[in-house]
Amino acid sequence: MKFTLVIYGAPHASEGAATALRFARALLEAGHTLYRVFFYADGIHNGSALAAPPQDEQDLLGQWQQLQQAHQLDLVVCIAAAQRRGLLSESEATRLEKPAANLAEGFELAGLGQLAEATAASDRIVTFGG
Amino acid sequence: MTLHIVSKSPYSSSALTDCASSCAEGDAIVLIEDAVYGAVETYPEITERAPVYCLQSDAEARGIVIGKNVEGIDETRWVTLCTEHNPIVSWFK
């Protein structure tokens, strides 16, 4: 079965993103397909390359990136939510004349159309709140 | 048949009672994160409406003893419940 996960929770502010990661691992282990993970609202902070949590705490970014590499996941960050909160790719930073880019490797910026398309293409949508 | 996923504590949010009042026949409820505080026997009005499941790992992390009318599940079983129900509604306000 094809799943798409929608994540509203910022790392460390709510459990949503950590729960979603556990759910994603479980569904992949069960042989299902993870069609897309869509990071929305404060959930976009999961895609920041600059997060540097203490060593004895969970490294959510690294775990998402590992899972992305292992399963070629489509990790999509809402571009409008990201711009408002200061999460930019190299091309967006250049276009908006900002001093730096901080979108982590393995993530991409895209519009809500990607969520609409995933909703149509997936069997199940599971939302993880903030 | 909807699967309701509740993630907020019944002591800080009306998510669980709101969810229970919208439950139709064939629906099921999964308690995750702080909503596992609702997985005790003091909520018969909810367990009478729909089968209630509770994420065991989240309950253990909080020292919650799951009530008799609630079934403790792992992430794999949660995924299976998602395949058995549609749509899946998350209650997190």
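Protein chains get the first letters and strands the later ones, always in sequence-line order, with residue 1 at the start of each.
Ring geometry for A:F23 versus A:F3: interplanar angle over 60°, hence perpendicular rather than tilted (30 to 60°).
With a 4.5 Å cut-off on side-chain heavy atoms, B:V79 and B:T76 do not count as touching.
Proximity to chain A (any heavy atom under 4.5 Å) is restricted, for B:K8, to the side chain, taken from C-beta onward. With a threshold of 4.5 angstrom between heavy atoms, B:L3 does not approach chain A through any atom at all. For a residue to count as touching a neighbouring chain, one of its non-hydrogen atoms must lie under 4.5 Å from one of that chain's; by this rule A:I125 touches chain B with the backbone only. Contact annotation for B:T83: both backbone and side-chain heavy atoms come within less than 4.5 Å of a heavy atom of chain A.
Taking hydrophobic clusters as Ile, Leu, Val, Met, Phe, Trp and Tyr residues chained together by side-chain heavy-atom distances below 4.5 Å, B:I73 does not share a cluster with B:L31.
Side-chain contact of A:E15 with B:S7: a donor-acceptor pair under 3.5 Å is absent, judged by distance alone.
Between the SG atom of A:C78 and the CD atom of A:Q114 there is a distance of 11.0 Å, given to the nearest 0.5 Å.
Of the listed residues A:A26, A:A18, A:S14, the one with more heavy-atom pairs under 4.5 angstrom with chain B than any other is A:A26.
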